[in-house]
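Have a look at the structure below, then the notes.
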Amino acid sequence: YRKGYLVGKNHESMFYSGKQDDQKLKKEELELLKLMANNARMPLVEMSRILKSTPMKVIYKLRDFEARKIILGYRILVDLNVLGKEFFKNFIYMKNLTPERENSLITFCSLQPNIVYYIRSIGSWQLELEFEVDNYQHYNKIMDEIKEKFSDIVKNVEFVLIQKEHKYIWMPESYLP
């Protein structure tokens, strides 16, 4: 989900993965993606200078990447400590999960502005939720509601408080310098 709660807006869903696709990229396209992966806020003029191109060509390529679903979205990394917020990550073990109940849980989570990631997992736990909240009590209130409304599918919950979030580059490592 996007971080709309920071500016008083409802957040929208954003998917970060999908079908693997064998799209062929030219060397200059790959170079642009590397620049974006490391610093998406770099001015277009600076990108075009580094790539020995023009700002209009860079804009065109970025729009093309979005249309081809090579770029799925943009995120900001916010220092939550500066905002007086805390970041919690849940590991939820499920039981008797049906597609209908999962859809209900997805809908519930999408309506909670402080749940910023809903991650379906393969492994010991089946679901990860990430929260950006005012404090532990705020986190606990949301979790109590999830446990109450979804007690038929939530088996166990573990969580961690994350003190500092590091930059994550969403581009496959094999493409990076």
Side-chain angles (χ1 to χ4, degrees), residues 1-91 99 102-123 125-134 162-177:
Y1 306 111
R2 298 176 190 243
K3 300 181 183 208
Y5 79 93
L6 291 171
V7 292
K9 292 183 180 178
N10 291 336
H11 56 195
E12 308 164 14
S13 295
M14 179 186 280
F15 295 93
Y16 285 102
S17 68
K19 294 186 300 186
Q20 184 174 348
D21 194 356
D22 291 328
Q23 295 200 37
K24 303 296 180 214
L25 296 174
K26 297 175 187 168
K27 183 181 178 201
E28 58 271 10
E29 290 177 323
L30 202 49
E31 291 303 316
L32 175 55
L33 287 174
K34 287 178 187 178
L35 284 176
M36 290 293 293
N38 286 309
N39 183 4
R41 295 184 64 191
M42 181 185 293
L44 291 170
V45 172
E46 178 70 9
M47 281 186 208
S48 62
R49 186 188 62 72
I50 292 169
L51 298 170
K52 296 179 176 69
S53 184
T54 67
M56 289 307 293
K57 286 182 182 177
V58 171
I59 290 169
Y60 172 79
K61 258 308 151 199
L62 292 174
R63 288 184 181 150
D64 178 56
F65 289 155
E66 291 168 358
R68 291 167 46 198
K69 304 289 187 209
I70 292 170
I71 294 179
L72 298 175
Y74 304 90
R75 299 285 306 226
I76 59 170
L77 181 61
V78 177
D79 184 351
L80 295 175
N81 294 316
V82 171
L83 299 177
K85 302 269 185 200
E86 294 182 346
F87 182 35
F88 289 87
K89 184 173 184 89
N90 270 12
F91 307 97
E102 183 173 17
N103 286 335
S104 295
L105 180 58
I106 290 169
T107 299
F108 176 85
C109 291
S110 71
L111 296 173
Q112 302 300 315
N114 297 95
I115 297 177
V116 294
Y117 278 104
Y118 182 105
I119 304 164
R120 195 69 159 87
S121 304
I122 299 173
W125 56 85
Q126 292 74 41
L127 177 63
E128 297 175 23
L129 296 178
E130 294 185 5
F131 299 76
E132 294 176 358
V133 292
D134 296 329
I162 297 175
Q163 297 290 332
K164 178 178 168 81
E165 187 176 13
H166 297 275
K167 181 178 176 182
Y168 184 82
I169 297 176
W170 291 85
M171 188 170 182
E173 196 173 287
S174 60
Y175 290 114
L176 294 173

Minimum heavy-atom distance between [X] and [Y], given as atom pair plus value:
{"X": "T54", "Y": "S48", "result": "C-CB, 3.4 Å"}
{"X": "M42", "Y": "L35", "result": "CE-CD2, 4.0 Å"}
{"X": "M47", "Y": "N39", "result": "CE-O, 4.3 Å"}

Out of curiosity, [X] [atom1] to [Y] [atom2], how far, rounded to the nearest 0.5 Å?
{"X": "L62", "Y": "I71", "atom1": "CG", "atom2": "CD1", "value": "5.0 Å"}
{"X": "I115", "Y": "N90", "atom1": "CD1", "atom2": "CG", "value": "8.5 Å"}
{"X": "Q163", "Y": "E86", "atom1": "CD", "atom2": "CD", "value": "7.5 Å"}
{"X": "K57", "Y": "L51", "atom1": "NZ", "atom2": "CG", "value": "11.5 Å"}
{"X": "I59", "Y": "L44", "atom1": "CD1", "atom2": "CG", "value": "5.0 Å"}
{"X": "F87", "Y": "Y117", "atom1": "CZ", "atom2": "OH", "value": "7.5 Å"}

Could you tell me whether a side-chain N or O of N103 sits under 3.5 Å from a main-chain N or O of P99, the two making a donor and an acceptor? yes
If you apply the rule salt bridge (Lys or Arg N to Asp or Glu O under 4.0 Å), what do you find for K61 with E28, and how did you get there? CA-CA 10 Å; K61 258 308 151 199; E28 58 271 10; over 6 Å; no
So E29 and L33, side chain to side chain contact (heavy atoms under 4.5 Å, CB included) or not? Walk me through it. CA-CA 6 Å; E29 290 177 323; L33 287 174; 5.6 Å; no
Minimum side-chain heavy-atom gap [X]-[Y] below 4.5 Å:
{"X": "I162", "Y": "F88", "result": "no"}
{"X": "Q112", "Y": "F131", "result": "no"}
{"X": "I119", "Y": "E130", "result": "yes"}

Should the heavy atoms of other residues, nucleotides or ligands under 6.0 Å from NZ of K89 be counted, would the total exceed 12? yes
Evaluate M36 against V58 for side chain to side chain contact (heavy atoms under 4.5 Å, CB included), listing each step before the verdict. CA-CA 11 Å; M36 290 293 293; V58 171; over 6 Å; no
Salt-bridge test for E46 and R49: reply yes if a basic N is under 4.0 Å from a carboxylate O, no otherwise.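 Salt bridge between E46 and R49, a charged N being under 4.0 Å from a carboxylate O: yes.
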